[in-house]
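Counting from 1, the numbers follow the sequence of the chain as shown.
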Amino acid sequence: MRYETNLSPGLNVIAAPNSFGKSTLLQGIIYALGLEGMFSSSRKPPFGPALLTLADWPDGTRSPVRESWVSLTIANEQGAYMRCKRFVRGDGIDTSLIMTWQGSSQIELDRANRVDMFVRQPGAAFRELGFHRALAEFLGWGLPTVPGFNSTEVSLYLEALFPLFYVEQKSGWSGVAPRMPTYLGIRDVLKRSVEYVLGLSALERLTALGAVRSEEDDVKKRWQAASDRLSDAAKSLNCRVFLHQESPVTPARRQHCVVEVMDENSWVPLERQIDVWRQRLSELEHAGVEPAGEHTSQAQEELAVAEKSIREVGGRIRLIDEQLNFSRTDSDALASRLASLDTERNRLADLRKLRSLGSTLGIMSVSNDVCPTCGQLLDGRETATGIAADLDQTIAETEAERETVRAATQSAERRRAGLERNRNSLQAALHGAMRQARALRDELAGPSAAPSRAQVQQQILLASSIERAQRLLDLAEDADDYFDELALRWQDIRDRLADLRDGTLSRTDQQIVSRMNSSFQAQVRDYGLRSVPPSDLSIDESALIPVNDGVELAFDLSMGISASDMIRTKWAYYLSLFEASLSSPRNRHAKLLMLDEPRQQETDRRSLAAFVRRLERAAASGCQVIYATSEDRRDLNEVLSDIRVAMLPAQGPHLLDPVGG
């Protein structure tokens with residue numbers, strides 16, 4: 001047996017006094033679209049026995065359910081059609097499978113080929129055969145990525161949007177704001193969804209902000225990578241590089257890189273040292289290489305100079321090693337002191353908290369706020385040297401000392417890094433002097449007719465040093481150009497971030513939110529809100545939720561918000577969202593409102609009648625409204641008096657009529 005029903009584009013009222021099939025129909029629409037995840041992360045079909053285990057037939061008999069499915073046909077604003085069929089229970093067919101057909105008209109839809117897609121599986125929102133990707137495309141929606149938790153970005157899934165179009169009976173009316181799924185990992189999920197539905201530029205700005213921040217991180221990484229490459233190249237030549245900026249800066253603050261090399265007792269610019277090396281190399285090449293015998297006396301002098309240099313440089317290295325040991329000891333002492341200050345600060349903060357709570361017991365056991373000599377409390381009394389610091393002063397002084405110790409620690413780290421650079425350069429100079437001494441000893445011990453090995457080695461060493469140093473300077477020049485490019489990008493990023501971080505809404509966004517607020521306030525007034533003055537309620541411009549004096553509106557007897565007034569504000573919120581979307585040039589409202597049992601908490605019928613009239617206006621504006629209720633038909637007719645509505649009454653014990661076997 002198959003059951004069908006047709007819903008008109010306007011206001012549809014499903015009148016089912018016995019409630020049988022009403023919720024199943026609405027849940028079936030949601031299930032066919034694969035959107036039951038808006039209620040729960042569970043994959044269990046949201047149906048009762050009629051579609052899962054046991055079905056009642058119109059003739060009063062029952063039979064077990066062996067196979068069941070839901071089929072739904074929808075149309076978009078362009079007049080295209082989509083039919084989707086999803087099994088609730090089937091032999092060998094998973095509920096994640098959705099069969100689809102699409103056509104530009106009803107006739108083409110009947111002739112279309114079936115395309116199978118999947119839903120409620122990873123990739124359903126963006127893969128080629130993901131049904132929600134196809135559904136979003138059919139609706140003309142481009143789903144953006146929005147901030148998630150743990151600094152990730154996630155898609156604004158359809159399950160986060162449809163709670164703005166459907167209020168289900170069981171728990172949908174439990175609060176003023178829509179009941180939103182949190183398992184999707186979307187931060188501020190309600191706000192992001194409302195921004196998208198209203199077509200606010202705030203969401204686009206948020207997306208742009210995420211993209212700019214990604215650019216910011218990319219520039220930081222590129223800057224650091226270029227700095228590391230240049231520093232590593234300098235270390236290989238025992239040079240040091242002053243980058244002046246360890247992180248990206250704007251062009252106005254950019255300073256060019258400076259490369260320095262150790263020359264005897266001081267650091268000198270590498271360019272100047274290259275000139276010295278070139279002059280010495282030129283002199284050696286001009287004089288030519290002498291035989292070792294003719295170079296004996298000079299070799300002996302040079303050997304003495306080299307050995308003296310070895311002793312002096314070795315002594316300086318040992319001195320630096322001692323300074324490094326002292327520096328490490330200082331760093332360890334500073335780290336220990338910082339840890340003790342942290343402990344002291346926490347202890348004093350706890351003591352102040354206890355005293356603020358009125359505690360007078362056990363203070364001695366948790367506090368050292370006493371004189372270590374006489375044991376008297378240091379409570380601001382006069383002493384021989386002045387006034388002893390009380391608790392608040394001690395905490396302030398502890399904080400000041402922590403800052404001082406932290407600054408001293410950073411200074412010690414910088415000094416140690418400088419000492420290590422000096423040691424590396426001196427170590428390289430020591431190795432060079434030792435090589436020179438070995439070459440001179442070999443020369444003095446070798447044949448007198450052989451060329452001077454020391455002179456040959458010195459020429460080779462100078463030529464190699466000049467070549468490697470020039471490559472380093474070229475690399476530094478390229479790095480400067482690269483840093484200039486990054487600085488320009490950084491300036492552009494900072495400018496865009498300054499614009500995007502401006503929390504004010506654009507003029508268009510303000511007008512849209514103002515329209516939503518005006519509609520909301522007008523409705524709660526028309527619906528007869530009594531708990532608080534309707535003018536006290538508004539739509540918060542930042543959170544986009546109903547608030548009362550800046551506090552989120554909720555059912556709270558202590559605040560005077562009754563349960564029936566909570567329902568009135570919920571009616572107003574959903575309709576004000578739709579009405580405001582009409583004024584937005586980029587609205588993405590589905591133009592669908594499905595309300596299951598909107599009359600909750602025995603809301604006054606005059607309020608309900610005003611709400612239904614507002615629904616009629618929404619339907620006339622292009623919204624398809626499905627109003628499902630189990631109210632008595634006579635009471636319902638009174639509310640629907642003079643309302644243009646398509647009725648879907650139950651025939652007998654069932655809402656859905658059988659159309660075939």
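- Counting all heavy atoms, side chain and backbone alike, Tyr573 lies closest to Pro178 at CE2-CD, 3.5 Å.
- In this structure, the side chain of Ser40 engages the main chain of Ser42 through a donor-acceptor pair within 3.5 Å.
- Between Phe611 and Tyr627, the ring-plane angle classifies as tilted under the 30° and 60° cut-offs.
- Relative to the ring axis of Tyr196, Arg588 places its NZ or CZ within 45° and under 6.0 Å from the centre.
- You'll find the side chain of Leu529 reaches within 4.5 Å of the side chain of Thr569, heavy atoms only.
- Counting non-hydrogen atoms of other residues, nucleotides and ligands closer than 6.0 Å to CG of Asn113 gives a total of 12 or fewer.
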Please lay out, stage by stage, how Tyr166 and Phe39 fare under the test ring pair (Phe, Tyr, Trp, His ring centres under 6.0 Å). CA-CA 11 Å; Tyr166 174 38; Phe39 307 126; 5.6 Å; yes
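- A distance-only check finds no donor-acceptor pair linking the side chain of Asp188 to the backbone of Arg192 [under 3.5 Å].
- Contact detail for Asn12 and Val645: the closest heavy-atom pair is C-CG2, 4.5 Å.
- The pair Glu631-Arg605 meets the salt-bridge criterion, with a side-chain N (NZ, NE, NH1 or NH2) lying under 4.0 Å from an Asp/Glu carboxylate O.
- For Ser155 against Leu143, the heavy-atom pair with the smallest separation is OG-CB, 4.1 Å.
- Applying the side chain to side chain contact (heavy atoms under 4.5 Å, CB included) test between Ser581 and each of Asn587, Ile512, Leu164 identifies Asn587 as the sole match.
- One finds no salt bridge joining Glu108 and Arg111 here, because no Lys/Arg side-chain nitrogen approaches an Asp/Glu carboxylate oxygen to under 4.0 Å.
- Interatomic distance, OG1 of Thr73 versus CZ of Arg83, reported as 4.0 Å (0.5 Å rounding).
- In this structure, Leu640 and Met647 have side chains that are in contact, with non-hydrogen atoms separated by less than 4.5 Å.
- At distances below 3.5 Å, not a single donor-acceptor pair connects side-chain atoms of Ser41 with backbone N or O atoms of Gly37.
- The nearest pair of heavy atoms linking Phe87 to Thr95 is O-CG2, 3.6 Å.
- Val639 and Ile643 get closest at one heavy-atom pair: O-CG1, 4.2 Å.
- A donor and an acceptor atom, one from each side chain of Arg515 and Ser519, are nowhere located under 3.5 Å apart.
- To the nearest 0.5 Å, the span separating CZ on Arg530 from CZ on Arg568 amounts to 4.5 Å.
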Under the side chain to side chain contact (heavy atoms under 4.5 Å, CB included) criterion, do Arg187 and Val189 qualify, and how do the steps go? CA-CA 5 Å; Arg187 182 176 296 173; Val189 57; over 6 Å; no
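- Remark: Cys623 SG to Glu579 CD distance equals 10.0 Å, nearest 0.5 Å.
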Would Leu582 and Ser621 count as a side chain to side chain contact (heavy atoms under 4.5 Å, CB included) here? Give the steps. CA-CA 8 Å; Leu582 296 178; Ser621 299; 3.8 Å; yes
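- Judged by distance alone, with hydrogens and angles left aside, the side-chain atoms of Lys191 form a donor-acceptor pair with the main-chain N or O of Ser542 at under 3.5 Å.
- For the atom pair OH of Tyr31 and CG of Leu51, the computed distance is 9.5 Å after rounding to the nearest 0.5 Å.
- Within a 6.0 Å sphere centred on CG of Asp642, heavy atoms belonging to other residues, nucleotides or ligands number 12 at most.
- The pair Arg496-Asp492 counts as a salt bridge, with a side-chain nitrogen and a carboxylate oxygen less than 4.0 angstrom apart.
- For Lys570 (side chain) and Gly172 (main-chain N/O), a donor-acceptor pair under 3.5 Å exists by modelled atom type.
- A donor and an acceptor atom, one from each side chain of Ser506 and Ser201, are located under 3.5 Å apart.
- Between Leu537 and Pro546 the shortest side-chain heavy-atom distance does not fall below 4.5 Å.
- No side-chain donor-acceptor contact under 3.5 Å links Asp596 to the backbone of Val167.
- Salt-bridge check for Arg613 with Asp526: failed, with every basic side-chain N at 4.0 Å or more from each acidic carboxylate O.
- In this structure, Trp141 and Phe162 have tilted ring planes: the angle between them lies in the 30° to 60° band.
- No side-chain heavy atom of Leu577 sits under 4.5 Å from any side-chain heavy atom of Phe520.
- Annotation: side chain of Ser576 is in contact with side chain of Gln523 (closest heavy-atom distance under 4.5 Å).
- A 4.5 Å side-chain heavy-atom check between Leu33 and Leu135 finds at least one atom pair inside the cut-off.
- The side-chain heavy atoms of Gln102 and Tyr81, taken from C-beta on, include no pair separated by under 4.5 Å.
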With side chain to side chain contact (heavy atoms under 4.5 Å, CB included) as the criterion, how do Val547 and Ser538 come out once you've worked through the C-alpha distance, each side chain's angles and the decisive distance to 0.1 Å? CA-CA 6 Å; Val547 295; Ser538 62; 3.6 Å; yes
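- Taken from CE in Met516 to OG in Ser583, the straight-line distance is 10.5 Å, to the nearest 0.5 Å.
- Side-chain contact between Ile626 and Leu593 is absent, with no heavy-atom pair separated by less than 4.5 Å.
- Residues Ser68 and Arg89 have side chains that never bring a donor and an acceptor to within less than 3.5 angstrom of each other.
- A distance-only check finds no donor-acceptor pair linking the side chain of Gln121 to the backbone of Ser96 [under 3.5 Å].
- With ring centers used as reference points, Phe126 lies 6.0 Å or more from His132.
- Between the side chain of Trp571 and the main chain of Pro598, a donor-acceptor pair closer than 3.5 Å is present.
- In terms of heavy-atom proximity, Leu198 sits nearest to Ala580 at CD2-CB, 3.9 Å.
- In Arg586, the CZ atom is crowded: over 12 heavy atoms of neighbouring residues, nucleotides or ligands sit closer than 6.0 Å.
- Summarising the geometry, atom CG belonging to Asp509 is positioned 4.5 Å from atom CG belonging to Leu200; distances are rounded to the nearest 0.5 Å.
- Donor-acceptor pairing under 3.5 Å is recorded for the side chains of Ser630 and Glu597.
- Under 4.0 Å is where a charged nitrogen must lie from a carboxylate oxygen, and between Asp218 and Arg222 at least one such pair does.
- Checking Ser171 against Glu168 by side-chain atom types alone, a donor-acceptor pair falls below 3.5 Å.
- Here salt bridge (charged side-chain N to carboxylate O under 4.0 Å, His left out) pairs that include residues 23-39, with residues two or more places apart or in two chains, are Glu36-Arg86, Glu36-Arg120.
- Under the 3.5 Å distance criterion, with hydrogens and angles disregarded, no donor-acceptor pair is assigned to the side chains of Ser514 and Gln510.
- With hydrogens and angles disregarded, no donor-acceptor distance shorter than 3.5 Å links the side chain of Asp94 to the backbone of Leu97.
- With salt bridges taken as basic N to acidic carboxylate O contacts below 4.0 Å, one links Glu137 and Arg133.
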Mind running side chain to side chain contact (heavy atoms under 4.5 Å, CB included) on Val197 and Phe578 for me, showing each step along the way? CA-CA 9 Å; Val197 168; Phe578 168 72; over 6 Å; no
